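A quick write-up on the structure given underneath.
Reckoned from all heavy atoms, side chains included, excluding hydrogens, waters and symmetry mates. Everything numeric in this text was worked out from a predicted model, so none of it was measured. Proteins come first, then strands; the chains are lettered A, B, ... in the order of their sequence lines, and each starts at number 1.
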There are 2 protein chains.
Amino acid sequence: MRHTEDSAAVTEALDLLREKGERVTAARRAVLHVLDDASGHLCAEDIATRVDEAEPGVHRATVYRSLQSLAELGIVAHTHVPGSATIYHLRHSPGAPTGHAHLQCSTCERFFDIPSDWLTPLGDRMREELGFELEAQHAALLGTCAQCRAAAG
Amino acid sequence: MRHTEDSAAVTEALDLLREKGERVTAARRAVLHVLDDASGHLCAEDIATRVDEAEPGVHRATVYRSLQSLAELGIVAHTHVPGSATIYHLRHSPGAPTGHAHLQCSTCERFFDIPSDWLTPLGDRMREELGFELEAQHAALLGTCAQCRAAAG
DNA sequence: TTATGTGCAAACTGTTTGCGCGAAG
DNA sequence: CTTCGCGCAAACAGTTTGCACATAA
């Protein structure tokens, strides 16, 4: 096991694991570190690659299982991306106080974050008229970004 | 080749194919029939199954390819569904004048349609503030439906 | 006749799972 | 010491692709 210093966010997450009676393992610690370091959003495969750099020998399947349990515990959040891999990030990330929804450009495939509250009026309407509770951050929205629109004319 | 009567929508689609110099084949005709008959939204596999009933021997891969070309021609529309198969429907369907966006319940997996214009204010904001052009119908939104919310308490 | 679409099999990506071993508690 | 997580390999779903053959135009 590697003994890199755990950041505040990671320590918090590990404590939460222990509290819930879950085990703290090298793999889970490594996954948390990767997510903590990552500025953007990473898919499981990317995470596996980086985990394997820090903690060689950790299997991809383990990364998937770790992400699953961490998601169930509410430590990480995942966003489904149409037509490609699910992306993951730490839930109570310092940079994101409100929570954010995800936009993906269908052309260049880049992601853009928007504050969740942009979706609040829509969510309200769905609740009122359909009784449907929207989870704004759970699926990426598609469209075309400014750059690609300009490029396309 | 089967000689079932083509509906107006199917005839229109086939004409469009010819106009564009694309070939009218049994497989494509069958795919269009299935989409025309279908009330709800079907994934490629479902379409393949139904196509095979009407036109035995049509390969799944052909259905995928047909859907692809029909989508490029703007005859069918597809919606990516987080975590499962892409769903397809006829573009200028008689029942859907405005176009609709798709909601999926994460619990029971059922779909709900909402008018695209519910997303117009959000789309406007994205365009103004980010230059991002939202394609509201291109990805399903996730949440929890009234029934499942009630069931969960 | 000739380009385009098709059938088939095989690859591919993203993800899950059954099994026995190993390590956290 | 016991249970839970892990590594591994294999399976899975959804989709795409290279190739040779068939067929719409």
Within less than 4.0 Å of OP1 or OP2 of [N], is there a side-chain N or O belonging to [X]?
X	N	answer
A:Thr86	C:dG14	no
A:Thr25	C:dA24	no
A:Tyr64	C:dT16	no
B:Ser84	D:dG14	no

message: Judged by each residue's nearest nucleotide on DNA chain D, which is more toward the 5′ side, B:Arg18 or B:His59?
response: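 Checking each residue's closest nucleotide, the 5'-ward one belongs to B:His59.
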statement: On DNA chain D, more 5' by nearest nucleotide between B:Glu22 and B:Gln68 is B:Gln68
- prompt: With a non-hydrogen cut-off below 4.0 angstrom, is B:Gly21 in contact with a base, only sugar-phosphate, or nothing?
  reply: nothing
query: Which part of the nucleic acid, if any, lies within contact of B:Ser69, taking any heavy atom under 4.0 Å across all strands shown: a base, the sugar-phosphate backbone alone, or nothing?
result: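 No contact.
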Take the protein atom [atom1] of [X] and the nucleotide atom [atom2] of [N], then report the distance between them rounded to whole Å.
X	N	atom1	atom2	answer
A:Leu67	D:dC6	CG	P	11 Å
A:Glu19	C:dA24	CD	P	21 Å
A:Leu17	D:dC4	CG	P	15 Å
B:Leu14	D:dA25	CG	P	10 Å
A:His78	C:dT15	NE2	C1'	13 Å
B:Glu72	C:dT4	CD	C1'	14 Å
A:Arg60	D:dC12	CZ	C1'	13 Å

Checking contacts here: which listed nucleotide ([options]) is nearest the side-chain heavy atoms of [X]?
X	options	result
B:Arg23	D:dA25, C:dG7, D:dC6	D:dA25
B:Ala44	D:dT15, C:dC8, D:dA9	D:dT15
A:Val24	C:dG7, D:dC8, C:dG25	C:dG25
B:Ala61	C:dG5, D:dA9, C:dC8	C:dC8
B:Arg28	D:dC6, D:dT15, C:dT6	C:dT6
B:Ala27	D:dC6, C:dT15, C:dT6	C:dT6
A:Ala85	C:dA9, C:dG5, C:dG14	C:dG14

task: Given side-chain contact (heavy atoms from CB on, under 4.5 Å), test B:Cys43 with B:Tyr88 step by step and report yes or no.
output: CA-CA 6 Å; B:Cys43 71; B:Tyr88 298 84; 5.7 Å; no
- request: Before accepting this row, confirm whether a basic side-chain N of the pair B:Arg28/B:Glu22 lies closer than 4.0 Å to the acidic partner's carboxylate O.
  value: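 Yes, charged N to carboxylate O under 4.0 Å.
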task: Kindly say whether the aromatic ring centers of A:His100 and A:His41 come within a distance under 6.0 Å.
output: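 Ring centres of A:His41 and A:His100 closer than 6.0 Å.
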query: For the hydrophobic clusters of this structure (ILVMFWY residues joined by side-chain heavy atoms under 4.5 Å, transitively), does one cluster hold both A:Val31 and A:Leu16?
result: yes
- prompt: Under 3.5 Å, is there an N or O donor on one side and an acceptor on the other linking the side chain of A:Arg65 and the base of C:dG18?
  reply: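 By the distance-only test, yes, there is a pair.
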- request: State whether a side-chain donor-acceptor pair under 3.5 Å links B:His89 with B:His78.
  value: no
query: Would you say the side-chain atoms of B:Thr144 and A:Glu135 include a donor-acceptor pair closer than 3.5 Å?
result: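 Yes, a side-chain donor-acceptor pair sits under 3.5 Å.
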